[in-house]
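Just the heavy atoms: all of them, side chains too, but no hydrogens, waters or symmetry mates, feed the values below.
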Amino acid sequence: MKKFLKEFETFIMRGNVIDMAVGVIVGAAFQAIVNSLVNDVISPLLGLIANMDLSHLVLKINDVEIRYGAFITAVINFLIMAFVIFLLVKAINKISELGFKKKKDEEPAKPKTKICPYCKSEIPVDAVKCGHCTSDLPSEELTL
């Protein structure tokens, strides 16, 4: 039993499980934001243009109600939510992409000098012969 609990503790303490738990919690909070945006902002605006609630459409067969209108409304709501999530993710990716480009530009410049492997003098990085000891330099030797 102790071995089982130790294995479970090792499993829980992995970074992947903790990252997944954080992702689920953030996802639930994000779902509330998307639901509010769709239900409180976008659906009422679309309701001005066309009636979005089709739940009144019902087909009766032998005292059995088939509420296909509610299904159509659910599909429309899904498509609206999927589109809103797509736009939000696209905007977030664009913002993070701009941040990565900025960090990429801040990378340090390549060195302009190297050390001669023979006399240990500093020489230009593209030199093929040392100006101090006149040795021929190997082309792959780029130490600083």
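Here Phe83 is tied into one hydrophobic group with Phe86, Leu87, each link being a pair of ILVMFWY side chains closer than 4.5 Å. Cluster note: Phe78 groups with Phe71, Val75, Leu79 through ILVMFWY side-chain heavy atoms spaced under 4.5 Å, whether in direct contact or through intervening members. Grouped with Val58 in a hydrophobic cluster is no other residue, since no side-chain heavy-atom contact under 4.5 Å to another Ile, Leu, Val, Met, Phe, Trp or Tyr is found.
Evaluation of the salt bridge (Lys or Arg N to Asp or Glu O under 4.0 Å) rule for Lys120 yields no partner, not counting sequence neighbours. Scored by the side chain to side chain donor-acceptor pair (under 3.5 Å) test, Ser36 finds Asp40 as partners (sequence neighbours excluded).
For the atom pair CZ of Phe30 and CG of Asn35, the computed distance is 10.5 Å after rounding to the nearest 0.5 Å. From Met81, atom CE reaches atom CD of Gln31 across 7.0 Å, with rounding to the nearest 0.5 Å. In this structure, Thr73 OG1 and Arg67 CZ are separated by 10.5 Å, a value rounded to the nearest 0.5 Å.
Criterion: ILVMFWY side-chain heavy atoms under 4.5 Å apart, direct or through other members. Under it, Val41 and Val89 are part of a common hydrophobic cluster. Residues Val24 and Ile33 do not share a hydrophobic cluster, defined by chaining ILVMFWY side chains whose heavy atoms lie under 4.5 Å apart. Put simply, Leu45 and Ile42 are part of the same group of oily side chains (I, L, V, M, F, W, Y) that touch within less than 4.5 Å, one to the next.
No side-chain heavy atom of Thr113 sits under 4.5 Å from any side-chain heavy atom of Ile123. Residues Ile66 and Lys60 have side chains not in contact (no heavy-atom distance under 4.5 Å, counting atoms from C-beta outward).
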Which donor-acceptor pairs under 3.5 Å do the side chains of residues 127-137 make with protein atoms, sequence neighbours left out?
unit_1: Lys129; atom_1: NZ; unit_2: Asp136; atom_2: OD1; d: 2.7

